[in-house]
Number of protein chains: 4
Amino acid sequence: MTTAHPADTGRRHHGNRHGRSESARIAVLEAADDLLVEHGFAGVTIEGIAAKAGVAKQTIYRWWESRTDILFDALTQDASEFFTVPDTGDLGADLRARLRELATFLTATDAGAVVRALAGQAQHDPVVATRFRSEFVMTQRDLDRQPFRHAAARGELASLDTELAIDQLAGPVYYRVLITGQPVTPAYTDALVDYFLCWPAVS
Amino acid sequence: MTTAHPADTGRRHHGNRHGRSESARIAVLEAADDLLVEHGFAGVTIEGIAAKAGVAKQTIYRWWESRTDILFDALTQDASEFFTVPDTGDLGADLRARLRELATFLTATDAGAVVRALAGQAQHDPVVATRFRSEFVMTQRDLDRQPFRHAAARGELASLDTELAIDQLAGPVYYRVLITGQPVTPAYTDALVDYFLCWPAVS
Amino acid sequence: MTTAHPADTGRRHHGNRHGRSESARIAVLEAADDLLVEHGFAGVTIEGIAAKAGVAKQTIYRWWESRTDILFDALTQDASEFFTVPDTGDLGADLRARLRELATFLTATDAGAVVRALAGQAQHDPVVATRFRSEFVMTQRDLDRQPFRHAAARGELASLDTELAIDQLAGPVYYRVLITGQPVTPAYTDALVDYFLCWPAVS
Amino acid sequence: MTTAHPADTGRRHHGNRHGRSESARIAVLEAADDLLVEHGFAGVTIEGIAAKAGVAKQTIYRWWESRTDILFDALTQDASEFFTVPDTGDLGADLRARLRELATFLTATDAGAVVRALAGQAQHDPVVATRFRSEFVMTQRDLDRQPFRHAAARGELASLDTELAIDQLAGPVYYRVLITGQPVTPAYTDALVDYFLCWPAVS
DNA sequence: ATTTAATCGAGACGGTACGTCGAGTCTTGTC
DNA sequence: GACAAGACTCGACGTACCGTCTCGATTAAAT
């Protein structure tokens with residue numbers, strides 16, 4: 001889409017009758033991302049984004065509804081190619097890989113910072129919450145379900161409440177990231193998976 | 001004018017050298033609580049609190065650093081007597097009671113709404129995050145530990161990583177409350193405990 | 001809401017790239033003038049002006065530095081067409097006309113009230129004092145000089161310290177207006193001129 | 001009055017049933033004076049005076065009605081012994097001495113700064129204006145009248161409108177001090193007197 | 001010697017206005 | 001018709017003083 005339009009290749013156009021400026025769109029998303037990482041969510045202001053992106057406020061308001069709307073866009077942009085779908089033929093291995101990836105994403109990437117900010121804002125604004133769930137959470141849970149689907153396809157897992165299982169595996173990860181702030185190491189996520197695959201809790 | 005005031009329990013003093021007005025303090029905390037429940041976190045403004053509490057802005061700034069500071073105070077006030085420490089002599093029963101109580105608190109009480117708002121704000125502000133953890137999370141985890149302590153005192157639980165166990169039990173609850181928004185029913189928390197006490201996940 | 005506005009002459013614009021809103025400017029100046037006349041200088045607050053003019057505070061701060069700045073603007077607006085330059089061919093007649101006009105201006109016009117307020121504020125603030133002198137006092141003294149210039153052009157007044165003369169004529173007027181508060185009647189100003197043109201003071 | 005009370009000699013008392021603390025009174029007047037000279041009239045705040053004088057705000061409000069009230073007190077204290085009443089037996093000499101003294105007082109003394117501030121405030125507040133006239137202006141005009149009284153007693157001055165004369169002599173001085181800001185040198189005041197005693201203005 | 005009452009310092013109180021920041025809307029001239 | 005620019009109204013911010021109000025300590029006259 002970027003290269004499709006002549007006005008977006010090379011020099012930046014200052015308005016034309018052919019639709020929105022792709023360069024402006026990208027500048028806004030990057031500016032929002034940068035501001036979030038540098039100054040936190042409070043630093044993500046429409047005016048700040050406009051100034052940093054060299055874009056008029058009106059252009060932002062024309063295409064986005066709010067700053068969270070921008071962050072959702074930035075997230076879609078950034079998160080789309082991060083995740084893989086492991087398929088090793090072993091449920092445990094797949095789950096371990098999945099949780100490691102999730103933990104890395106949430107704690108060590110710029111997109112993860114966006115997710116945390118949006119998760120925070122979701123606590124304040126039901127509209128954000130709804131979109132956050134339908135856009136991010138659902139996608140993630142779909143990824144969470146893959147290992148179980150693969151296992152089922154292999155004939156394992158006669159019966160299992162997959163949704164509960166995902167809560168049990170992903171829940172502690174989000175809990176540590178958002179609530180306790182403790183690190184989520186590979187050792188930790190591996191332990192979660194090991195435990196889930198039924199090592200005895202009580203001796 | 002004195003009796004017209006919401007916070008007017010007894011005679012209201014208007015400042016003296018012995019420190020703050022207790023009635024003003026309570027009026028502020030209640031106003032903040034009310035605004036949060038009625039209009040969400042964005043509706044919790046210092047001016048709004050001052051107006052609703054019939055208090056001068058300066059009085060708020062004198063005693064609190066920010067609106068989150070007020071909410072922490074309100075939380076301390078409200079949450080202190082909510083929780084019980086179940087001790088039935090059975091680990092499973094204690095854990096089930098504990099998780100039910102936690103879920104109810106987070107989803108069905110005004111103080112729970114404050115917690116969710118603070119958890120949200122913690123994602124935006126490291127200072128809030130730190131205080132949230134030291135003030136709320138630590139207390140909660142202490143309550144989470146009680147069932148295990150009782151069990152250990154009874155000689156059960158030869159060996160167990162209690163901290164991991166808490167993550168596994170509380171994590172999914174917070175995850176559903178803050179992230180997926182799905183209800184956390186007694187049946188759900190009971191299932192978490194049952195699973196944790198090692199019903200087989202894989203047939 | 002648009003038509004409800006006092007300053008709504010024609011269609012009111014709400015900002016554009018070509019600079020300030022003339023209607024807002026006029027509304028501010030009039031509001032400041034009105035507040036000064038009605039409630040005195042203490043009643044001239046930025047918030048009061050903004051409210052009365054139906055203008056945002058920020059708009060005021062964008063174009064004016066202080067309330068005295070506004071009053072200087074209002075004065076320029078109002079005082080510009082008040083004064084005439086008498087030229088009767090007779091020094092005494094010219095001076096009498098000039099002093100009468102000055103006295104009327106200072107004591108009986110809204111712009112005169114502004115001058116008195118600014119003269120007052122000039123005693124408190126050197127910046128105001130400087131501007132007051134360069135903007136108002138200089139202009140007035142120029143008007144004061146006219147009769148003498150005309151006389152000189154006619155060949156009268158072989159030698160005279162004009163500046164001293166102006167002090168002697170205008171000084172008592174300002175002195176009565178600002179200090180003693182006594183009325184400055186035509187009879188009084190005429191007497192000043194008569195005396196100045198050398199009737200004997202001592203018998 | 002200062003030495004009259006035992007509690008005011010030496011250490012400062014902290015309240016008793018015999019009336020006000022003289023030391024507090026003096027500290028307030030001095031603090032007000034200092035603040036005026038150092039930071040201008042805007043710097044003369046009740047809180048500032050209280051802090052600088054080491055006095056409670058209530059003590060100020062108990063004995064004074066406003067900050068101008070304090071300045072009037074300070075003025076009375078300071079101005080009382082400044083002026084002399086010249087009596088050389090010569091009207092011109094007396095007037096010259098009087099005007100020189102007036103000019104010095106207004107431009108070169110702390111009390112003169114107070115007078116200028118009060119004159120300024122008198123333009124904003126009719127109550128201040130009234131008090132300023134009855135307390136300061138009247139006293140000054142009385143001093144202005146002395147040379148003429150002495151001359152009349154000597155049999156000079158068969159007929160003269162003394163009030164007009166004072167306006168003509170003092171007016172230009174106040175005019176320069178308050179309005180034009182030009183210096184008022186002995187040469188200048190001497191010229192005023194010389195001219196008044198009827199040197200020809202027009203050749 | 002104790003009580004009593006006026007004044008002191010301190011400082012918290014409800015307010016008003018300050019000057020600033022950002023939100024979201026509107027308009028204009030350019031491309 | 002979208003763009004950069006930027007003026008507009010509006011709401012909230014955090015601060016400074018205002019004038020009012022207790023309070024406990026201080027103090028000397030009256031008991």
Side-chain angles (χ1 to χ4, degrees), chain A residues 7 11-21 23-24 42 45-48 50 53-63 65-67, chain B residues 1 5 11-21 23-24 42 45-48 50 53-63 65-67, chain C residues 1 5 11-21 23-24 42 45-48 50 54-63 65-67, chain D residues 5-7 11-21 23-24 42 45-48 50-51 53-63 65-67:
Chain A
R11 100 195 134 82
R12 189 153 173 186
H13 79 114
H14 283 257
N16 60 46
R17 54 186 312 183
H18 310 294
R20 71 189 291 187
S21 159
S23 58
T45 66
I46 299 289
E47 299 218 323
V55 144
K57 278 167 68 180
Q58 187 56 46
T59 299
I60 297 180
Y61 283 108
R62 188 167 10 244
W63 301 110
E65 291 200 329
S66 62
R67 55 181 184 169
Chain B
M1 198 193 258
H5 205 279
R11 196 161 61 89
R12 187 162 190 178
H13 81 113
H14 288 262
N16 59 52
R17 70 174 307 182
H18 307 293
R20 64 196 296 185
S21 160
S23 56
T45 64
I46 301 289
E47 297 218 324
V55 144
K57 277 166 67 180
Q58 188 56 51
T59 298
I60 298 180
Y61 283 108
R62 185 163 17 238
W63 300 112
E65 290 200 331
S66 63
R67 52 184 186 166
Chain C
M1 200 192 257
H5 203 277
R11 199 162 59 89
R12 184 162 193 180
H13 82 113
H14 286 264
N16 59 51
R17 68 176 308 182
H18 306 295
R20 64 196 297 185
S21 160
S23 56
T45 65
I46 301 289
E47 298 220 323
V55 144
K57 277 166 67 179
Q58 188 56 52
T59 297
I60 298 181
Y61 283 108
R62 185 166 14 243
W63 300 112
E65 290 201 330
S66 63
R67 53 183 186 168
Chain D
H5 204 283
R11 97 198 135 82
R12 190 153 173 186
H13 79 116
H14 283 257
N16 60 50
R17 58 181 307 184
H18 310 294
R20 69 192 293 187
S21 159
S23 57
T45 64
I46 300 288
E47 299 219 325
V55 144
K57 279 168 67 179
Q58 187 56 43
T59 300
I60 297 179
Y61 282 108
R62 190 172 4 248
W63 301 110
E65 291 199 329
S66 63
R67 55 182 185 170

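In what follows, every chain begins at residue 1, and chains take the letters A, B, ... in the order their sequences are listed.
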Side chain D:Gln58 and base F:dC21 donor-acceptor under 3.5 Å
yes
List the atom of A:Ser23, the atom of A:Ser21, and the distance in Å for their closest heavy-atom pair.
OG-OG, 2.9 Å
State which residues pass salt bridge (charged side-chain N to carboxylate O under 4.0 Å, His left out) with B:Glu47; sequence neighbours excluded, sorted by chain then number.
B:Lys57
Which heavy atom of D:Ala50 sits nearest a heavy atom of D:Ala56, and at what distance?
CB-C, 4.4 Å
Given E:dC21, is OP1 or OP2 found less than 4.0 Å from the side-chain N or O atoms of A:Thr45?
no
d(OH, D:Tyr61; P, E:dA10) in whole Å
16 Å
Against the side chain of B:Val55, the closest entry in E:dC18, E:dG14, F:dT20 is E:dG14
Pair of N/O donor and acceptor under 3.5 Å linking E:dG19 base with C:Lys57 side chain:
yes
Please determine whether a side-chain nitrogen or oxygen atom of D:Ser21 lies at a distance below 4.0 Å from atom OP1 or OP2 of E:dT7.
no
Who passes side-chain contact (heavy atoms from CB on, under 4.5 Å) against B:Glu65, sequence neighbours left out?
B:Asp69
Nearest whole Å is fine: how far is F:dG11 P from B:Arg67 CZ?
17 Å
Of the candidates E:dG9, F:dC8, F:dA5, the side chain of A:Ala56 sits closest to F:dA5
Just the rounded figure in Å: distance from P of E:dG15 to CD1 of B:Ile46.
17 Å
For C:Trp63 and F:dC8, is the shortest distance between a side-chain N/O and OP1 or OP2 below 4.0 Å?
yes
What is the distance, rounded to the nearest whole Å, between atom CD of B:Glu65 and atom C1' of F:dT15?
16 Å
Which nucleotide, F:dC8, E:dC13, E:dG15, lies nearest any side-chain atom of C:Arg20?
F:dC8
Distance, rounded to the nearest Å, where B:Glu47 contributes CD and E:dC18 contributes P:
14 Å
Looking only at heavy atoms, the pair that brings B:Val55 and B:Ile60 closest together is CG1-CG1, 3.9 Å
Just to confirm, is there a sub-4.0 Å distance from OP1 or OP2 of F:dC8 to any side-chain nitrogen or oxygen of C:Arg62?
yes
